[in-house]
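Okay, so here's the structure we're looking at.
Worth knowing before you read on, the calculation uses all heavy atoms, side chains too, and leaves out hydrogens, waters and symmetry mates. Because the structure is a prediction, the values reported are computed rather than measured.
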Amino acid sequence: DTDDETGIATKTRAKPKRPSQFKVLLLNDDYTPMEFVVMVLKRFFGMDMEEATRVMLQVHQKGVGVCGIYPYEIAETKVNQVMDAARQNQHPLQCTLEKA
Ligand code: NFA
């Protein structure tokens, strides 16, 4: 770009950035049934039984686990889908976002 006042070239163009990615995290609690967590991971994150069970157990044992990494809008939609399903079934399951 060229500065209007001085004619000196200045860097005002935006750098082309990749769309930022967000981790969708699932948090452990003492009450949500393991089967419900597995169902959520299969339904909203496209996991098969084996992967869903592995991620559920990781959350159960370590307190938190990554369900997937997505662009912001998709990650937000998945958090809302999980939270809606948990609320409808009266489970305290918590799902949140974190910048990857
Ligand atoms: N800790 C829950 C139980 O023992 C299972 C669970 C796993 C809950 C992963 C939330 C996330 N019923």
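Here the CG atom belonging to Asp30 is positioned 9.0 Å from the NE2 atom belonging to His60, to the nearest 0.5 angstrom. Atom CZ of Arg87 and atom CG of Leu93 lie 11.0 Å apart (nearest 0.5 Å). Atoms OH and CG, on Tyr70 and Leu97 in that order, are 11.5 Å from each other to the nearest 0.5 Å. Rounding to the nearest 0.5 Å gives a distance of 10.5 Å between CG of Asn28 and CG of Leu57. Between atom CZ of residue Phe45 and atom CG of residue Leu26 there is a gap of 7.0 Å, rounded to the nearest 0.5 Å. Rounding to the nearest 0.5 Å gives a distance of 4.0 Å between CD of Gln94 and CE of Met83.
Nearest approach of Val37 to Thr32, heavy atoms of both residues: CG2-CG2, 3.7 Å. Nearest approach of Met56 to Leu41, heavy atoms of both residues: N-CD1, 3.8 Å. Closest approach of Phe36 to Ala85, counting heavy atoms only: CZ-O, 3.6 Å. Closest approach of Ser20 to Lys99, counting heavy atoms only: CB-NZ, 3.7 Å.
Screening Thr77, Val79, Asp84 for a side chain to side chain contact (heavy atoms under 4.5 Å, CB included) involving Gln81 leaves a single residue, Thr77.
Formation of a donor-acceptor pair under 3.5 Å by the Asn89 side chain with backbone atoms of His91 is not found in this model. Not a single donor-acceptor pair under 3.5 Å links the side chain of Lys42 to the backbone N or O of Met49.
The closest side-chain heavy-atom distance from Leu25 to Val66 is below 4.5 Å.
One hydrophobic cluster, built from ILVMFWY side chains closer than 4.5 Å, holds both Val82 and Tyr72. Hydrophobic clustering, with ILVMFWY side chains joined whenever heavy atoms are under 4.5 angstrom apart, groups Phe44 together with Met39. At a threshold of 4.5 Å between side-chain heavy atoms, the hydrophobic network of Ile, Leu, Val, Met, Phe, Trp and Tyr places Ile69 and Ile74 in two separate groups. The cluster map of Ile, Leu, Val, Met, Phe, Trp and Tyr, joined by side-chain heavy atoms under 4.5 Å apart, puts Val64 and Met34 in different clusters.
The neighbour count for Gln61 CD, taken as heavy atoms of other residues, nucleotides or ligands under 6.0 Å away, is above 12.
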